[in-house]
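First comes the structure, then the notes that go with it.
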Amino acid sequence: QVQLVESGGGLVQPGGSLRLSCAASGIAFNFYDMGWYRQAPGKQRELVAVITYVGSTNYADSVKGRFTISRDNAKNTMYLQMNSLKPEDTAVYYCNAKKNWGLRNDYWGQGIQVTVSS
């Protein structure tokens, strides 16, 4: 059974920081590309950052330089360190696990709220 569980969200003031975690189980974590997506009310879900199974990363232009994605394969966990947060970062953040080779799979967490407000 596959499970992706996000944690670390909450309310933070502009300029503050949060660290999101996504704990995965039921998958061969080290063979999956992992990513963070977010969706604000009335907006489409967008890719925030991705880290591939070999550790390469990509970021949305809106978060580049402020957010850092990482993974700890020994803990089956992906992280998103969010610094210099802005109100426009407010959204539900979703963890995604995807394998694009062999038997393809695509899994999602339930999402976690991040609110940036003074």
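These numbers come from the heavy atoms of this one structure, side chains and all, not from hydrogens, waters or symmetry mates.
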Practice task
Can you run down the disulfide (SG to SG under 2.5 Å) pairs that involve residues 40-80, sequence neighbours left out, and say none if there aren't any?
Solution key: none

Handout entry: disulfide (SG to SG under 2.5 Å) contacts touching residues 16-67 (sequence neighbours left out)
Key = C22-C95

Fill in the blank from the handout: d(Q1 CD, Q3 CD) to nearest 0.5 Å is 6.5 Å

Handout entry: Transitive ILVMFWY cluster of L103, excluding itself - 4.5 Å side-chain cut-off
Key = none

Completion exercise
Apart from Y79 itself, members of its ILVMFWY cluster (side-chain separation under 4.5 Å) are none

Handout entry: Contacts of type side chain to side chain donor-acceptor pair (under 3.5 Å), residue T52, not counting sequence neighbours
Key = S56

Practice task
Can you see which heavy atom on I69 is nearest to which on M78, and at what distance?
Solution key: CD1-SD, 3.8 Å

Practice task
Indicate yes or no: at least one non-hydrogen side-chain atom of L85 is less than 4.5 angstrom from one of F67.
Solution key: yes

Problem - Residue pairs fulfilling salt bridge (charged side-chain N to carboxylate O under 4.0 Å, His left out) with at least one residue in residues 71-99, sequence neighbours excluded - result: R38-D89, R66-D89, K98-D106

Handout entry: Pairs flagged by salt bridge (charged side-chain N to carboxylate O under 4.0 Å, His left out) wherever residues 13-35 is involved - sequence neighbours left out
Key = none

Exercise for the section: Assess the side chains of Y53 and N73: does a donor N or O sit below 3.5 Å from an acceptor N or O? Expected result: no

Please list every donor-acceptor pair under 3.5 Å in which a side-chain atom of residues 109-118 meets a protein atom from a residue at least two apart or in another chain.
{"residue": "Q113", "atom": "NE2", "partner": "A91", "partner atom": "O", "Å": "3.4"}
{"residue": "Q113", "atom": "NE2", "partner": "T115", "partner atom": "OG1", "Å": "3.3"}

Problem - Contacts of T68 that satisfy side chain to side chain donor-acceptor pair (under 3.5 Å) - sequence neighbours left out - result: none

Exercise for the section: Any pair with a residue in residues 6-18 that passes side-chain hydrogen bond (donor to acceptor under 3.5 Å, both in side chains), sequence neighbours left out, goes on the list, sorted by first then second residue, please. Expected result: S17-N83

Fill in the blank from the handout: Rounding to 0.5 Å, atoms CD (Q39) and CZ (R45) come to a distance of 5.5 Å

Practice task
Could you list the residues that satisfy side chain to side chain contact (heavy atoms under 4.5 Å, CB included) with V2, not counting sequence neighbours?
Solution key: I27, Y107

Completion exercise
Excluding L47, membership of its hydrophobic cluster (Ile, Leu, Val, Met, Phe, Trp, Tyr; side-chain heavy atoms within less than 4.5 Å) reads Y37, V50, V92, Y94, W108

Exercise for the section: Please report the closest heavy-atom contact between M34 and A97, naming both atoms and the distance. Expected result: SD-CB, 3.5 Å

Problem - Non-hydrogen side-chain atoms of F29 and T77 separated by less than 4.5 Å - result: no

Exercise for the section: With the side chain counted from C-beta on, respond yes when W36 and N96 share a heavy-atom pair under 4.5 Å apart, and no when they do not. Expected result: no

